[in-house]
There are 2 protein chains.
Amino acid sequence: MTIASDVDLSALEAAVGAERVHRDSEIRARHSHDDAEWAPYEVPLAVVTAGSTEDVAATLRWADATGVRVVPRGAGTGLSGGANAVAGSIVLSLAEMDAVLEVDVDERYAVVQPGVVNDVLRSTVAQHGLWYPPDPASSAISTIGGNVATNAGGICCVKYGVTRDYVLGLTVVLADGSVVELGRRTAKGVAGYDLVGLMVGSEGTLGVVTSVTVKLLPLAGRDERAVIGYFPSLVAAGDAVAAVSRAGILPAALEIVDRTCLRAVDEWQHLGLPSDVDTLLLARIDEPGAAGDALADQVEALFAAAGGTDVERATDPADIDRLFTARRLAYPALERLGPVLTEDVCVPRGAVPEMLRRIQATAAANDVTIANIAHAGDGNLHPLIIAPEDDHAAKTRAKTAFDQIVADSLALGGTVTGEHGVGLLKLPGLREELGERVVAMHRAVKDALDPKGTLNPGKAF
Amino acid sequence: MTIASDVDLSALEAAVGAERVHRDSEIRARHSHDDAEWAPYEVPLAVVTAGSTEDVAATLRWADATGVRVVPRGAGTGLSGGANAVAGSIVLSLAEMDAVLEVDVDERYAVVQPGVVNDVLRSTVAQHGLWYPPDPASSAISTIGGNVATNAGGICCVKYGVTRDYVLGLTVVLADGSVVELGRRTAKGVAGYDLVGLMVGSEGTLGVVTSVTVKLLPLAGRDERAVIGYFPSLVAAGDAVAAVSRAGILPAALEIVDRTCLRAVDEWQHLGLPSDVDTLLLARIDEPGAAGDALADQVEALFAAAGGTDVERATDPADIDRLFTARRLAYPALERLGPVLTEDVCVPRGAVPEMLRRIQATAAANDVTIANIAHAGDGNLHPLIIAPEDDHAAKTRAKTAFDQIVADSLALGGTVTGEHGVGLLKLPGLREELGERVVAMHRAVKDALDPKGTLNPGKAF
């Protein structure tokens, strides 16, 4: 592939250093898409690996002057195509900006560059007795910058909230290359519009984040306990989820792993999971002391009442970790079976059983395999549609199932994306969810902050 | 006062009903400003008391067509002038839209009209075993609509967050009169930009909120305990606050009431408060059971180590309420002494002692009385500057002190407003805090969503 002849990259190379501008086709191919199977992408003109805010600013000043579009990218672990390159674009990678700049123990915040991997932030602040709660299942590989771009959720978010709840401030390079500091380091503040919240979840369409100030919690003060149970069906597990919610219990995690996932994990890792069970439901309760024990008793009873068997409790961290292994490995285990089309709908908690029922009906009606993992405690379901490689008919049926699941989620009062972001895959459902006037508001805000349409065109809305 | 002759209100009366359009001068005067002493205001052309979303939409369609500007207003308890009328404007009151529309116990949310008083929402959902945490000190008189407009904080926000953290969805009438539904009712969702968060805290400059969907927490599961102590000085109490923060304790409240406030309350209510003490520090700890008791022990020890005396603990709700009475009555007690210029700076928790020291120095240097109440646990201080009626020299000195406190807050890494909003009073400090480029971003967003500048002109940024 040749570089489009009318774009002169030499000025870009002069601005950021030639060693940061990659024209090599293997590098360009590797940066052309994220982990969303089936979303469209193009190979970019070049890849810029930024090392500083100034590199990002210089790249955007060049783009502003030349009209070249820019697709920001972290680790490329996204599941909606939000980092997929468009024709004639530059991919701007923030992955090398991976320093933890500051941990303030007394004020309980950290300042990090966007390329810091979520788990690295978590382990770094843990050394200071602090905790960064948002824990997407991709925490070992996804970056804070990507987490901010998608407003990533995770397993403990049912109780502790999502990425946006922990972002106090951002350094952002705007589309014209100007650098702004948004937000604050104080515990509270209402000075001006919430531009930090607007940037979080905007999928790189409004600015490029080059540092993130995150709020931290004390690490101590929580006593971890896990309660697990096996259920005769996905819907029965959903009933248990609805019962826990109705009882007013806020578990620190409430996760579903279905039969298809359990088998895929066991075939891969030989964990000795029971072969005769259908669905695993995992809860974590972290209230301290006797109060937490009493809540765990209540969860056990609710599991049993909904048909749960082999209900088991763990308090030792290693045992808890073991019980959650099947959840953590479900996605990679499934990817071994074929291309996975990942859903991310979120429905009211009470609608979880009905939504699971409809997903099963959709799988049967379209003759596709749909595995299920779910942050069930907040109604965020991840039906994983698997199609064999190179089976075009199966892919078409999978796409039909995908659309049906989105439609069912909206019909039940849900949303098309709970935590993965809109990217490209969820654009059709999004328009239906938001309506024309709200999409027009998005367009107006986008035009206000990126009038030339430089940043990540065609994504997010 | 005569109505400007070039504005024909009859079309507005035809649209919303003549009984909703008030030309009476007493009503117009009463709706011309909020509770911010000293902020400028004008008497509006008329007051519209909306009874429905359609009334609001009709008013904004009329304003869009005629070019008349609209100042939305709740109960008028704001402390920054955000609801102050501008020349030639209509004040649009949402106070009569005061119905709790829905409480969903299983999904833990409520849908309310904007005129619902905060305490009414709290007591209504409490009947269903649910809790709406944000508790501004004005909770008995301020409305949810106003709380949303200012992103109101409160006493328990140090642990439980502010209004924005609890708003899931909004019905908003835009400047052109179109009605949009923003947000969701699910626990999570990342479909599109966070326009809900953008609206919260935008002080009526981007749209008029006509219904609010708020997230609720279970009411049970917390054991309340109060710990109070008296300190020999404001700064000593500030040291205790910093020590609690450093120890990694997240109290459910951590409030300072200084000597001036204590005396004002005691002279008014005769509560028998000790006369020989300087500063009261109040903590609430709500972890359940023995864990909470242990934290309260730790707080008591930290109070004593910082010089606290008469340290007392309460667990009975009536006793806790009694101990917090002085805090609750401080503001109305001070208003009896003269016009109060209310500050609302927020500094890093560790800077609380230094900020309190500077406030005292500012009071002495300018020969003004400054009383202090503070949500000290999140560094949000409310120095209350009192000047005698009709003493113009004192007012000038008070204004100088006000500006000095804002400057000191920014110098210590703080913000000009922690929870009251920018309104008119904080506009100068805001520009310094945000910087030119970020103010330009605000202008761009405002122009995008309200291109004619109809809504609450001149406020917020």
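In this text the structure is predicted, and so the values were computed from the model without any measurement. The sequence lines fix the lettering, A, B, ..., with proteins before strands; numbering per chain opens at 1. As a basis for the values below, the full set of heavy atoms in this structure was taken, side chains included, without hydrogen atoms, waters or symmetry mates.
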- [ ] May I have the step-by-step check of side chain to side chain contact (heavy atoms under 4.5 Å, CB included) for B:Arg349 and A:Asp106, ending in yes or no?
- [x] CA-CA 8 Å; B:Arg349 284 176 284 248; A:Asp106 290 354; over 6 Å; no
[X] versus [Y]: any side-chain heavy-atom pair under 4.5 Å?
X        : Y        : result
A:Asp176 : B:Arg437 : yes
B:Leu195 : A:His442 : yes
B:Thr150 : A:Val190 : no

Region of [X] in contact with chain B, defined by heavy-atom distances below 4.5 Å:
X        : answer
A:Ala191 : both
A:Asn151 : both
A:Leu217 : side chain
A:His420 : backbone
A:Glu433 : side chain
A:Ser202 : both

Open item on the list: I need the residue from B:Gly221, B:Ala220, B:Gly153, B:Pro218 with the largest number of non-hydrogen atom pairs under 4.5 Å to chain A.
Closed with: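 Most heavy-atom pairs within the cutoff with chain A belong to B:Pro218.
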Task: For chain A, the option from B:Val196, B:Val347, B:Leu198 that forms the most heavy-atom pairs under 4.5 Å - done: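 The answer is B:Val347.
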- [ ] Report the C-alpha distance between B:Met441 and A:Tyr193 in whole Å, list the side-chain angles of each, state the deciding distance to 0.1 Å, and finish with yes or no for side chain to side chain contact (heavy atoms under 4.5 Å, CB included).
- [x] CA-CA 9 Å; B:Met441 291 174 74; A:Tyr193 297 156; over 6 Å; no
If you tally heavy-atom pairs under 4.5 Å against chain B, which of [options] wins?
options                                : result
A:Leu174, A:Leu182, A:Val105, A:Val422 : A:Leu174
A:Gly197, A:Gly289, A:Pro348, A:Ala444 : A:Pro348
A:Ala152, A:Ser178, A:Gly377           : A:Ser178
A:Leu250, A:Leu219, A:Asp344, A:Val439 : A:Leu250
A:Gly248, A:Gly418, A:Ala291           : A:Gly418
A:Ala460, A:Gly201, A:Gly350           : A:Gly350

Open item on the list: Taking atom CD as the centre, does A:Glu102 end up with more than 12 heavy-atom neighbours from other residues, nucleotides or ligands that are less than 6.0 angstrom away?
Closed with: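 Counting other residues, nucleotides and ligands, CD of A:Glu102 exceeds 12 neighbours.
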Task: Criterion side chain to side chain contact (heavy atoms under 4.5 Å, CB included) on B:Val200 and A:Asp194, from CA distance to verdict - done: CA-CA 8 Å; B:Val200 177; A:Asp194 182 21; over 6 Å; no
- [ ] Give, for atom CG of B:Leu434 and atom CZ of A:Arg184, the distance between the pair rounded to the nearest 0.5 Å.
- [x]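 Output value for this atom pair is 12.5 Å.
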Task: Reported CZ-to-CD distance for the pair B:Arg246 and A:Glu107, which is rounded to 0.5 angstrom - done: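 That separation rounds to 10.0 Å.
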- [ ] Over all heavy atoms of both residues, which pair between B:Gly192 and A:Leu430 is shortest? Give the atoms and the distance, please.
- [x]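 Shortest heavy-atom separation between B:Gly192 and A:Leu430 comes out as N-CD1, 3.7 Å.
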TODO: Spell out the residues in residues 158-172 of chain A that have some non-hydrogen atom less than 4.5 Å away from a non-hydrogen atom of chain B, in order of number; otherwise answer 'none'.
DONE: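 A:Val162, A:Arg164, A:Asp165 fall under the 4.5 Å cut-off.
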